[in-house]
Amino acid sequence: METIDLINLRNFSRRTGQQTHPELLDARPLEHVNKIEIDEEHITIEFDEKTTRYYNTNEIAHREWVYKYNDDPAFVNAVRGVIELARKHLKEMPENIACPPGCAECCSGYEPFVSKSDVQRIADHLGLTYAETMERYVVARPSADGYHVGWLRKVGDDISDQCVFLMGSRSGRYYCGIYPARPGDCREFTPIGCDDVDASLPHKSSFKVGAAFQPKRRGRSRNGKRL
Ligand code: SF4
Ligand code: SF4
């Protein structure tokens with residue numbers, strides 16, 4: 001738990017290097033604010049418990065910050081107003097937190113982990129069995145806690161190769177070929193703080209995606225050759 005003296009913000013900044021101008025504050029944690037309590041001396045902000053799954057370890061964070069303030073009700077209300085405004089902006093300004101259409105830098109150089117339910121969802125989406133999906137599209141490597149069963153394959157062996165489901169390279173803009181069924185790991189990609197964004201792509205543009213990914217049908221042709 002951290003106590004920030006709001007009366008002496010400049011000292012706090014000097015000591016910690018954290019900016020205290022509201023417009024420079026990192027508002028990301030406010031997304032997960034669970035409860036704000038204000039008493040005579042403190043504002044206590046509780047964040048949701050958040051589980052971050054790494055491959056072989058889970059990080060569980062429960063954060064609580066206490067802000068100290070003087071007993072001026074106008075000041076308290078102003079602080080509350082800033083917090084609520086920041087939360088509102090995060091929700092209501094999707095263009096600020098959307099990826100530029102066609103950007104898919106995170107679909108290369110990164111291998112999304114998949115759980116059993118991810119694999120089953122992709123299998124149902126593609127009309128394949130669980131086993132076929134594992135064999136064709138997943139590098140099987142169960143995590144220690146059994147939650148992940150592996151990660152999505154890439155089109156080649158290089159770590160920077162594209163995800164096997166990434167489509168649309170010709171236009172220089174990309175899209176996910178299994179978007180509605182993409183793994184939970186991919187759903188957690190966020191442009192907030194993303195260093196990989198393709199800055200050449202405009203935010204305010206539309207991009208018509210092409211056909212969805214289709215698995216190659218396997219079987220035997222009339223001459224008996226395996227397809
Ligand atoms: S499944 Fe889709 S969103 Fe996920 S890495 Fe592959 S192309 Fe990107
Ligand atoms: S902005 Fe970042 S998170 Fe969004 S698609 Fe591009 S690389 Fe991925």
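Just so you know, ligand 1 is whichever comes first in the structure, and atom 1 is the first atom listed for that ligand.
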Q: Between Phe189 and Tyr110, is the gap from one ring center to the other below 6.0 Å?
A: yes
Q: How long is the gap from NZ on Lys154 to OG on Ser108, to the nearest 0.5 Å?
A: 6.0 Å
Q: For Pro112, is the nearest heavy atom under 4.0 Å from an atom of ligand 1?
A: yes
Q: Identify, for atom 8 (Fe) of ligand 1, the protein heavy atom at the shortest distance, and state residue, atom and that distance.
A: Cys107 SG, 2.3 Å
Q: Are more than 12 heavy atoms from other residues, nucleotides or ligands located less than 6.0 Å from atom CG of Asp157?
A: no
Q: Return the closest protein heavy atom for atom 4 (Fe) of ligand 2 as residue, atom name and distance.
A: Cys99 SG, 2.4 Å
Q: Looking only at protein heavy atoms, which one is nearest to atom 6 (Fe) of ligand 1, and what is the separation?
A: Cys163 SG, 2.4 Å
Q: For ligand 1, note which part of Leu152 has a heavy atom under 4.0 Å away: side chain, backbone, both or neither.
A: side chain
Q: Kindly say whether Arg136 contributes a backbone atom to a donor-acceptor pair with the side chain of Arg153 at under 3.5 angstrom?
A: yes
Q: Counting from 1, what ligand 1 atoms have a heavy atom of Pro183 closer than 4.0 Å?
A: 1 (S)
Q: Find the distance between CG (Asp118) and OG1 (Thr133) and round it off to the nearest 0.5 Å.
A: 11.5 Å
Q: Got the closest protein heavy atom to atom 5 (S) of ligand 2, with its distance?
A: Cys103 O, 3.2 Å
Q: Just say parallel, tilted or perpendicular for the rings of Phe213 and Tyr137, cut-offs at 30° and 60°.
A: perpendicular
Q: Looking at every non-hydrogen atom in both residues, tell me the closest pair between Asp196 and Glu105 and how far apart they are.
A: O-CG, 3.0 Å
Q: Identify, for atom 2 (Fe) of ligand 2, the protein heavy atom at the shortest distance, and state residue, atom and that distance.
A: Cys194 SG, 2.4 Å
Q: Is the distance between atom 6 (Fe) of ligand 2 and the nearest N/O/S atom of Cys106 smaller than 2.8 Å?
A: no
Q: Could you tell me whether atom 4 (Fe) of ligand 1 has an N, O or S atom of Cys176 under 2.8 Å away?
A: no
Q: Which of the numbered atoms in ligand 1 are below 4.0 angstrom from a heavy atom of Cys186?
A: 1 (S), 3 (S), 4 (Fe), 5 (S)
Q: Which is closest to atom 7 (S) of ligand 1 in terms of heavy atoms, Ile122, Leu166, Asp118?
A: Leu166
Q: Under the 3.5 angstrom rule, does the side chain of Asp124 hit a backbone N or O of Arg121 as a donor-acceptor pair?
A: no
